[in-house]
Every structure is written in structure tokens, then in C-alpha cells.
Amino acid sequence: MNIAFLGCSKIANKAIQALKSIDDITLYACSARDFERAKNFASKHNIMHAYSSYEEMLQDDKIDLVYISTLSSSHYKDTMLAMKHNKNCIVEKPLATNLNDVKKIFQYSEKHNIYVTEALLGRFHPSKKVIKDILNSNIIGDAYHIEANLSFPLTHIEHLNNLEMGGGVLLDLGVYPLNFACMLFGYNIKKISALQVIDKSSRVDRSNFINIVFDDNHTASLNVSMEVLSKKEAIIYCKNGYIEVENFNNPTSVKIYRNMNERTSEIIKELSVSGEVNGYEYEFIDAFKELKMYQIESDNFTHYEIDKIYEIIDFINKNSLKVEN
């Protein structure tokens, strides 16, 4: 299968590292607005062809799948361009910066029978099945609350501080805890309340504090920020204990704790769930499987599910309490 890279980004380096571990894959082409950048990227990774423009690369009929990792604000435009050249796509998160553009992508995909998905690691990672199996086993009772925190000091990154470049922390990091909670508790939501800390000058959201009540009264408390470094863990609280997922955006371990009394818990099992390479391999393995079956979406992350996440994001951006800082 011939893979092309639309955008020679830092995250594309991680994707290529993962792809090199997969059989029957050819690193076929890459493109950038700066041809020297594309040539250097191709030379570094032994990619067969370098192109000076996205349009030129997309005209190559030998490409089977395009990995898009341009600026967030360009994802919609670049994905539509690739699909108009009949190219299947894996798009780095965020798929688009608003729900309306997400819907347009899926409408085009479904009308023209083109595969497209968002590269959201946790949706394809083996830890997803591990966690669901633990919950289904009822080893520590029914789940009722999720707490997830994901923050990095990112205020120095230019595009995150620019609304026109798709800036803000909700689109960059918020997609991870939102996907984690909905992956386990579903999409039937009774209430969302959120507080966004907005930068006075750039107007981007620098922190988000989100509380969700699902229709079955499951709850979630989700926090993201570009101001600080958090522990990057998610905790699933159950009737008789809790599950701790380390580095939940790209999980490394899952620990099960059982309550011993009203005040203490002890660990009863720890499972290593680290990726074989770096976690990025699973989104590609999933895409190759779906493409062989002529599917236009992933069973692990359907268009409906992606659509619902961006519906939540749009709701938060429009209805959250906003505090300037």
C-alpha cells in the first residue's frame, strides 16, 4: 500500500516511525509548500517521491492513502482537496475546527465512497478493548464517573495562540478526554457545563473545565490546559474501586484498584498496554483493514462518533462560561 504525506510535520515523523514496523507498506510520497522541506523530509525517511505542492502530489494515481498533518486550520481544506482527487485520508486531529466542516467532510466521503477518519490514538489503541473488558467483567462493579486531566505548557507555540490558525486548547487537547469519556459512556448527554479561560489578547481558550452528565447519570469531569503540565491520567470510578489509565491519550498502563474499606483501596492488577512502536501504528493498521474491505469509515471510530464529538466541542465553545485572563 502506497502512503503519501500531505504536510511534512513533526507528528508525521512519529507516524513514519510506526509505519516502518508494518509489512507491505511503501513510503511513497510527501509534499510541502516549501519544496526543499519536502525533499529533505523524503531524504530523511527514504520516501520515494517529493512534490512541491499538495495538488501535484494528489494527482499521482499510485497513492492509496494520504496522511494529513498540516495546521489545524487547514485540515478541512486539505482533506477536501485530497478527497476531490479521490484519495483516502487519515487526518490528524482536529479533523476540522467546527462541526459544520466535519459534516461537509463526511457528506463528501459518503457520496463519493472515500475513506476518511481522524487520527485519534485512543480510539484505535488496544487499551480501548482492555478497559471495556475490565468494565464488562464487573470485577469492581459498575462505572459511574470519569475524571481525566491532560495539560501541557504550550503557550509558546504560535499556532495555538492564533484563532485563525485553529488555536486554542479545546481543539488541540480537549478532543482526548472528550473521546475517552464518550468512548465508555456514550453520546446521550443530559447536561454539559463548562468554563473556558480565554486569553485577553489572542482570544484563544487556554484552559477548559468541563462537566458532563449523561442520560444514564454517568458523569465526567474533564480538564485541559496549555498553561501547566498535568499527570496525563484518567480515572474511571466504579462501585467497588477504580481504574487508573496512565497517559490516557496514548495509554501505557491500566491499573485496577479495589476498595478495601470506606477510606482505602489497593491495586489488584496492572496491565501494560504500551504500543508496539509508539501507538500511531494502530490507526494505520485499522485503516488498512477497512480499506481492504472497501469501507469509508472505521468501525473503531465511526463518522457518527466523530460528528458527536464536534457537536460537543461546538456546544462548549458557544455556551461555556468564559473568564478572561
Side-chain angles (χ1 to χ4, degrees), residues 93-95 99 102 117-136 140-152 168-196 205 207-225 230-239 241-257 273 279 283 298 300-321:
K93 56 81 188 168
L95 179 62
L99 177 62
V102 168
T117 196
E118 184 180 48
L120 205 292
L121 289 180
R123 289 289 187 161
F124 306 100
H125 200 281
S127 60
K128 175 181 175 180
K129 183 178 185 305
V130 170
I131 295 166
K132 287 190 172 183
D133 285 348
I134 293 169
L135 293 174
N136 289 336
I140 52 173
D142 294 335
Y144 70 92
H145 180 69
I146 290 172
E147 180 182 297
N149 301 286
L150 186 65
S151 300
F152 296 93
V169 74
L170 182 60
L171 279 174
D172 190 66
L173 296 181
V175 289
Y176 289 111
L178 285 172
N179 271 279
F180 188 84
C182 292
M183 181 176 74
L184 299 177
F185 286 170
Y187 302 90
N188 295 321
I189 293 173
K190 186 181 295 183
K191 184 177 181 180
I192 299 173
S193 59
L195 183 148
Q196 289 184 316
D205 57 295
S207 299
N208 285 256
F209 306 93
I210 304 161
N211 292 302
I212 301 175
V213 180
F214 295 85
D215 279 356
D216 54 8
N217 290 324
H218 287 134
T219 56
S221 298
L222 315 172
N223 304 320
V224 292
S225 178
S230 72
K231 200 175 177 182
K232 304 185 294 294
E233 70 176 10
I235 301 176
I236 307 161
Y237 292 96
C238 302
K239 183 177 180 180
Y242 61 91
I243 302 164
E244 185 179 86
V245 184
E246 185 177 343
N247 199 46
F248 74 94
N249 57 311
N250 189 2
T252 52
S253 73
V254 176
K255 300 175 183 176
I256 308 171
Y257 291 80
V273 292
E283 61 200 29
S298 169
N300 281 306
F301 200 17
T302 65
H303 289 178
Y304 169 82
E305 291 176 302
I306 299 171
D307 187 279
K308 295 299 288 185
I309 292 296
Y310 285 90
E311 186 178 305
I312 295 170
I313 288 171
D314 266 24
F315 180 88
I316 291 169
N317 281 329
K318 291 173 182 176
N319 297 284
S320 63
L321 174 65

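Below, each value reflects all heavy atoms present in this structure, side chains not excepted, and no hydrogens, waters or symmetry copies.
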Worksheet item: Can you find a heavy atom in the side chain of R123 that is under 4.5 Å from one in the side chain of I309?
Response: yes
Practice prompt. Please confirm whether the backbone N or O of G186 pairs with a side-chain atom of H218, one donor and one acceptor, at under 3.5 Å?
Written response: no
Item to complete: Decide yes or no on side chain to side chain contact (heavy atoms under 4.5 Å, CB included) for K129 and D133, but give the supporting numbers first.
Response: CA-CA 6 Å; K129 183 178 185 305; D133 285 348; 2.7 Å; yes
Worksheet item: What pair of heavy atoms forms the shortest contact from L171 to P94, and how long is it?
Response: CD2-CB, 3.9 Å
Discussion item. When you compare the side chain of I306 with that of T117, does any pair of heavy atoms fall below 4.5 Å?
Written reply: yes
Worksheet item: Ignoring hydrogens and geometry, is there a side-chain-to-backbone donor-acceptor pair from K93 to D172 under 3.5 Å?
Response: yes
Worksheet item: So how far is it from F209 CZ to S320 OG, rounded to the nearest 0.5 Å?
Response: 11.5 Å
Worksheet entry | Salt bridge flag under 4.0 Å for residues E311 and K308 | yes
Worksheet, complete the sentence: One should read off an interatomic distance between I236 CD1 and L184 CG, to the nearest 0.5 angstrom, of 5.0 Å
Worksheet entry | For I316, the option from I313, I312, D314 that meets side chain to side chain contact (heavy atoms under 4.5 Å, CB included) | I312
Worksheet item: If you look at every heavy atom in H145 and F185, which pair is closest and at what distance?
Response: N-CZ, 4.0 Å
Practice prompt. Determine whether I243 and V245 make a side-chain contact, defined as any pair of heavy atoms from C-beta on separated by less than 4.5 Å.
Written response: yes
Practice prompt. Taking all non-hydrogen atoms of both residues into account, name the closest pair between A181 and I146 and its distance.
Written response: CA-CD1, 3.8 Å
Worksheet item: Hey, does P177 have a side-chain heavy atom less than 4.5 Å from the side chain of F248?
Response: yes
Discussion item. Counting C-beta onward and ignoring hydrogens, is there a side-chain heavy-atom pair between M183 and F301 closer than 4.5 Å?
Written reply: no
Item to complete: Determine, step by step, whether N317 and Q196 satisfy the side-chain hydrogen bond (donor to acceptor under 3.5 Å, both in side chains) criterion, reporting the C-alpha distance in whole Å, the side-chain angles of both residues, the deciding distance to 0.1 Å, and the verdict.
Response: CA-CA 8 Å; N317 281 329; Q196 289 184 316; 3.0 Å; yes
Worksheet item: If we only count heavy atoms from C-beta on, is the P126 to V273 side-chain gap below 4.5 Å?
Response: no
Practice prompt. Pick out which of E233, E244, E246 makes a side-chain hydrogen bond (donor to acceptor under 3.5 Å, both in side chains) with S253.
Written response: E246
Practice prompt. For S230 and S151, indicate whether the former's side chain and the latter's backbone hold a donor-acceptor pair under 3.5 Å.
Written response: yes
Fill in: Closest heavy-atom pair and its distance - I210, N223
N-OD1, 4.1 Å
Item to complete: Would you give the length of the straight line joining atom CG of D142 to atom SG of C238, rounded to the nearest 0.5 angstrom?
Response: 8.0 Å
Fill in: Point-to-point distance, once rounded to the nearest 0.5 Å, from CD1 of I212 to OH of Y187
11.0 Å
Worksheet item: Among side-chain atoms of K190 and N217, is any donor-acceptor pair under 3.5 angstrom?
Response: yes
Discussion item. With side-chain hydrogen bond (donor to acceptor under 3.5 Å, both in side chains) as the criterion, how do E147 and Y242 come out once you've worked through the C-alpha distance, each side chain's angles and the decisive distance to 0.1 Å?
Written reply: CA-CA 11 Å; E147 180 182 297; Y242 61 91; over 6 Å; no
Response to the item:
Here the gap from L170 atom CG to S207 atom OG, rounded to the nearest 0.5 Å, amounts to 11.0 Å
Practice prompt. To the nearest 0.5 angstrom, please state how far the OG atom of S127 sits from the CZ atom of F180.
Written response: 7.5 Å
Discussion item. For the backbone of N300 and the side chain of K128, can you confirm whether one donor and one acceptor N or O come within less than 3.5 Å of each other?
Written reply: yes
Discussion item. Keeping D307 on the side-chain end and H303 on the backbone end, is there a donor-acceptor pair under 3.5 Å?
Written reply: no
Worksheet item: For I189 and I192, which heavy atoms make the closest approach, and how far apart are they?
Response: CG2-CG1, 3.6 Å
Worksheet item: Would you say L121 and H125 make side-chain contact, with heavy atoms under 4.5 Å?
Response: no
